[in-house]
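Order of appearance sets the numbers: ligands from 1, and atoms from 1 within every ligand. Computed from heavy atoms alone, side chains included, the values below leave out hydrogens, waters and symmetry copies. Numbers here are sequence positions counted from 1. On a predicted model such as this, the values are computed, not experimentally measured, just so you know.
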Amino acid sequence: MEKFLETINYLKSKITSKPKIAIILGSGLGSLSEEIKEKIVIPYKDIPNFPISTVEGHKGELIFGNLNGVSVVAMNGRFHYYEGYDLKETTYPIRIFKLLGVETVILTNAAGGINLNFEKGDLMIIEDHLSFFAESVLRGPNLAEFGERFIDMSNVYTKEYIEILKPIMKKITGKALTGVYAYMKGPTYETKAEIKALRTLGADAVGMSTVPEAIVARHSNLKCIGITCITNMAAGIKDEILTHEDVKKTASKVEENFKKVIKELVTKI
Ligand code: HPA
């Protein structure tokens with residue numbers, strides 16, 4: 001707790017109002033931060049006990065301010081297990097958001113489409129997730145200050161908010177896709193056989209983030225929304241080689257719609 005408090009005290013000394021919503025910006029989706037007004041930008045490297053993002057395309061700053069009239073904090077750059085952090089480090093910001101008084105986290109990401117009805121550039125609302133192949137972020141002594149040891153996982157992605165999001169997506173993108181996000185540890189993209197297996201298991205999209213954060217959000221009783229940008233069809237579906245460059249390129253093409261969706265969503269939750 002001492003570590004958390006050191007971080008919180010530093011952030012509280014910098015900010016002027018309590019954020020209601022935290023938004024984690026996935027690969028190539030960082031430009032939403034430009035829409036935030038009355039900004040206070042804090043580089044991760046200045047925040048005591050905060051990890052530092054190492055991924056290209058992720059900036060590494062917390063942005064406090066006002067998005068469409070709502071007090072928010074955005075993370076431009078998140079922490080991934082594949083970078084070498086342990087899962088507790090990757091989810092440290094979620095704990096901090098809880099202690100700052102945030103009510104809802106919006107988790108966004110880039111992912112590969114597994115559902116054959118999806119197309120590159122689609123946005124998918126995460127309804128549920130699969131996380132068979134990674135250790136639990138809650139392994140180890142329970143942080144009782146945040147939540148209980150054994151956690152119900154039947155409502156990780158807040159159902160009432162999914163229903164609010166669907167018509168917003170439909171209006172802005174013409175579609176309201178929902179699906180199951182499968183978490184893989186990365187940093188390799190998946191093999192064709194893994195994608196076939198994940199489809200059989202019920203996955204619609206696959207990526208390397210979000211799930212540990214969603215579990216920590218659930219543990220501390222934060223409301224949670226997940227939005228995936230399908231930046232590519234997953235391995236073996238199309239005859240193409242997956243690259244991080246292409247992932248970022250597709251995400252940036254979708255960014256305008258993505259920003260509109262988030263800006264409207266924050267006013268309705
Ligand atoms: N697999 C895993 N992570 C990803 C992908 C993918 O195909 N695309 C973007 N992130």
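- Applying the side-chain hydrogen bond (donor to acceptor under 3.5 Å, both in side chains) test to His219 and every residue at least two apart in sequence or in another chain returns Arg95, Asn142.
- Between the side chain of Asp122 and the backbone N or O of Ile230, no donor-acceptor pair lies under 3.5 Å.
- Listed by chain and number, the residues in a side-chain hydrogen bond (donor to acceptor under 3.5 Å, both in side chains) with Lys259 are Ser31, Glu256 (sequence neighbours excluded).
- Scanning for side-chain hydrogen bond (donor to acceptor under 3.5 Å, both in side chains) contacts around Thr228 gives Asn109, with sequence neighbours left out.
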Quick check for students: name every N or O atom pair between ligand 1 and the protein closer than 3.5 Å, with distances.
from, atom 1, to, atom 2, distance (Å)
ligand 1, 1 (N), Glu190, OE1, 2.7
ligand 1, 1 (N), Glu190, OE2, 3.4
ligand 1, 7 (O), Asn232, ND2, 2.9
ligand 1, 8 (N), Gly112, N, 3.4
ligand 1, 8 (N), Asn232, OD1, 2.7
ligand 1, 10 (N), Ala110, O, 3.3

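- Here the options are Leu62, Val73, Leu99, the test is side chain to side chain contact (heavy atoms under 4.5 Å, CB included), and the partner is Leu11; only Leu62 passes.
- In this structure, the side chain of Tyr181 does not engage the main chain of Ala111 through any donor-acceptor pair within 3.5 Å.
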